[in-house]
Amino acid sequence: MANRIYSTYPMVKYLRKEALPTALCPGCGGGTVLNAFANAIDQLKLDPRDLVVVSGIGCSAWIASPYFLADTLHTTHGRAIAFATGVKVGLPDKKVVVISGDGDLASIGGNHLLHAARRNIDMTVILVNNFIYGMTGGQVAPTTPFGAKTTTSPYRNIEHPLQISETVAAAGASYVARWTTAHVYQLIESIKKALQVKGFSLVEVISQCPVQYGRRNRMKEPAEMLRWFLKNSVPVSKAKNMSPEELEGKFIIGEIINRQRPEFTEELNKLIDEVQEHFGLKGE
Amino acid sequence: MIIRGDEPDQVRLIRKLYKPGNYFMQGNEAVAYGAIFAGCRFYAGYPITPSSEIAETMARELPKLGGYYLQMEDEIGSIAAMIGASWTGFKVMTATAGPGFSLMQENLGYAVMTETPLVLVDVQRSGPSTGQATKGAQGDFFQARWGTHGDHPIIAVSPTSGQDAFWETIRAFNIAEKLRTPVVVLFDGVLAHTREQIRIPDIEEVEIAYRKLPENEEEAKLPFGDPHGDGVPPMPLFGHGYFTHVTGSTHKETGLRDVYTPEVHDRLVRRIHRKIEKNMDVYEKYEEHFTEDAEILVVSWGVTARPALGAVLKTRREGINVGLFVPKTVHPFPAERMRELAKRARAVLVAEMNLGQMIIEVERYVNDDVLLKGVNKIGGVPLTVEEILREIRGVA
């Protein structure tokens, strides 16, 4: 299997071979996300030396660190975006990407997510939403659908899931899109756009976790989960004319927001220029 | 981004902005200027009393020097951002107080494990919990040592005055850079808010250290190796095309995660300890007053070392053979010297603004036949000369 990957998979040049094969379960959507990300980098002809990829803790955090061959920073649980903020200020000319899961970025890391969007700092966050805490054994998450079963909601989930994309868009991000792992080409296009946007961009990927989520919710096979995504996906344009009741349990896909706002590191450097000018500190 | 602090342009800016001479300023401001002189050009923080003036000074001064001030959404984000910035080459600092220090502990451990240089100033305040938010204390001695989980070394320095805070902050940066490790500055709310005369030197008088960078591709491929035998790996910075992988999980010399092999964990964690133990000359520092013939030894640290010196001076005049020992680097504790001094003393008094913390460390080096006694005070008001003096007379 490993040999086949090295000889026939064209994106292998972007992977850290000594870290392969991945630790992801068979049927996990993580591979699709890594593939889409590598293809986006390839199509944009970005040099991986101009990338720093940061992740938190959990299955989805492993997608890029260690597997993607770039400078990679695998951080503490929930803090990836805060670490990435320091990286971006230090390396404003590099592309800083955060790839991590919904539990990591939107639950324990929710505060950092909102404030990075508010600052509109130039980074791309690929948030893999599989509705569950995968690595710790399938516990209920802030994204778990209402009524779903997990190891810590064994009877049913009585909490309402967080709509991550809409929340981040409202917080002030420049670009927000949501796709599922069943929409690979659209996903690649959105990642490409997000990487090119000057400002905070979020691509939420609804992804399958057949082992921890599907198995407990009558979708044992990965394909069943992908069919579930396809059947319940509603494009943004169509969703605008639908009532909240009609949208219950649906996945709104497409671009949620795409706009230009002053970007944080640019403003920070502009401010330094102004201050140095004001105090007559510019070099001769 | 690599700023050492001793580049001609940075030296020119510092000379232009901060003329050498005596100034009347707060201890907190002295910490901030010390950081600036040491080359700190990135500060991420979250306001908390009694540390806020450090952030305010950095926010005002750093842009003038081309440096960055970030006010993060919380303390956890602050230390996270500074670790990210440190990996791009910045010398980085944050300042906080008790509750904020508690929140930073997890990422302090991350910095130890990933060998990230940074300086964390803890302006100790009264606790537990919110306690007396505006009052000083010395209750974080063990939080600095054992606040984060796992087996880890830590280096903590503790200034005894505003002037000392300026120099100790610079020393903290130099230790962090030389040993590629986080360094805690255990300051306190009393000195932080005391205004006194502080001399700002010329930048030439300041030693500025900078982290070891890889000399070649081979060294860069082993971000956690030990090519020079001193336990300190050269640090391959992000953005230089080395494809460095950094993780807080147990990792091999290459940086790749391996949490299954006991030897890998053992090798890594022992080396991180060894690099601190082996390089004692980089950080060990203490002050002594009248210790040559001291029968009674006062041991004190931080803010309390000042009234302790006052008490020792007064009792000396009364003909009592008393001496004072002040560890300036409190972790690792200057064990060797402490043991020697305790051997000659018949009584050891440990004065501190808590219910007895450093005394637990001191006890390990004092024989059973020596009278060991704590001089403690809590409530937000520092120990006075008279209070310590009374205790010295009591054992004389």
Side-chain angles (χ1 to χ4, degrees), chain A residues 16 18-19 23 47-55 57 62 65-66 68-94 96 108-109 111-112 114-116 118-119 264-265 268-269 271-276 278-281 283-284, chain B residues 1-3 8-9 12-13 16-17 41-42 44 60-74 76-90 92 106-107 109-110 113-114 118 236-249 251-252 254-257:
Chain A
R16 220 187 278 279
E18 62 272 31
D47 187 335
R49 278 177 291 222
D50 292 330
L51 275 177
V52 181
V53 191
V54 185
S55 70
I57 295 292
W62 286 19
S65 47
F68 198 85
L69 188 58
D71 284 331
T72 44
L73 186 61
H74 179 226
T75 70
T76 45
H77 191 29
R79 316 300 166 196
I81 290 174
F83 277 78
T85 299
V87 173
K88 183 65 191 181
V89 171
L91 298 169
D93 300 330
K94 305 283 179 189
V96 176
I108 180 171
N111 201 24
H112 307 301
L114 292 184
H115 287 279
R118 169 180 71 81
R119 289 186 186 106
F264 180 71
T265 53
L268 198 52
N269 283 301
L271 179 87
I272 290 170
D273 270 355
E274 283 167 22
V275 170
Q276 291 197 320
H278 174 79
F279 288 100
L281 298 167
E284 281 81 45
Chain B
M1 176 63 71
I2 300 180
I3 294 181
D9 197 52
R12 175 187 69 86
L13 284 173
K16 192 163 179 182
L17 285 164
R41 295 295 176 269
F42 183 96
R60 191 180 66 232
E61 299 301 324
L62 277 179
K64 298 180 189 168
L65 298 148
Y68 297 91
Y69 171 84
L70 262 69
Q71 189 156 311
M72 295 298 287
E73 50 274 11
D74 57 29
I76 304 173
S78 304
I79 181 166
M82 69 197 260
I83 293 171
S86 186
W87 275 93
T88 71
F90 273 119
V92 298
E106 184 195 11
N107 280 339
Y110 182 92
M113 192 63 154
T114 56
L118 61 85
L237 302 175
F238 283 173
H240 293 253
Y242 297 131
F243 297 148
T244 305
H245 180 56
V246 180
T247 174
S249 297
H251 43 272
K252 294 181 278 199
T254 56
L256 273 187
R257 188 174 184 277

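Throughout, protein chains are lettered first and strands after them, A, B, ... in sequence-line order, and every chain is numbered starting at 1. The model shown is predicted, which means the values in this text are computed figures rather than measured ones.
A/R118 does not touch chain B: none of its heavy atoms, backbone or side chain, sits under 4.5 Å away. With a threshold of 4.5 angstrom between heavy atoms, B/M72 approaches chain A through its backbone and through its side chain. Using a 4.5 Å cut-off between heavy atoms, B/I79 does not touch chain A at all. Both the backbone and the side chain of B/F238 come within contact range of chain A, each with at least one heavy atom under 4.5 Å from a heavy atom of that chain. Only the side chain of A/V275 has a heavy atom closer than 4.5 Å to any heavy atom of chain B. Heavy atoms closer than 4.5 Å to chain B are found in the side chain of A/F264, but not in its backbone.
Aromatic rings of A/F83 and B/Y110 (six-membered ring for Trp) have centroids within the 6.0 Å cut-off, being under it. The distance between the ring centers of B/F42 and B/Y69 does not fall below 6.0 angstrom.
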Item checked: Residue pair B/H251, B/L256: steps toward the side chain to side chain contact (heavy atoms under 4.5 Å, CB included) verdict -> CA-CA 5 Å; B/H251 43 272; B/L256 273 187; over 6 Å; no
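A salt bridge between A/E18 and B/K252 is absent, with no side-chain N of the basic residue lying under 4.0 Å from a carboxylate O of the acidic one.
Chain A forms the most heavy-atom pairs under 4.5 Å with one residue out of B/T244, B/I76, B/D74, and that residue is B/T244. When the candidates A/I57, A/D47, A/N269 are compared by the number of heavy-atom contacts under 4.5 Å with chain B, A/N269 comes out ahead. Counting heavy-atom pairs under 4.5 Å between each of A/A70, A/S65, A/P66 and chain B puts A/A70 at the top. With chain A as the partner, the residue from B/A80, B/A81, B/A85, B/G255 showing the most heavy-atom pairs under 4.5 Å is B/A80.
Of the N and O atoms on the side chains of A/R119 and A/T85, not one donor lies less than 3.5 Å from an acceptor on the other residue. Looking only at atom types and distance, the side chain of A/H74 has no donor-acceptor partner in the side chain of A/S55 under 3.5 Å away.
Among A/V96, A/V53, A/D71, the one residue that satisfies the side chain to side chain contact (heavy atoms under 4.5 Å, CB included) test with A/V87 is A/V96.
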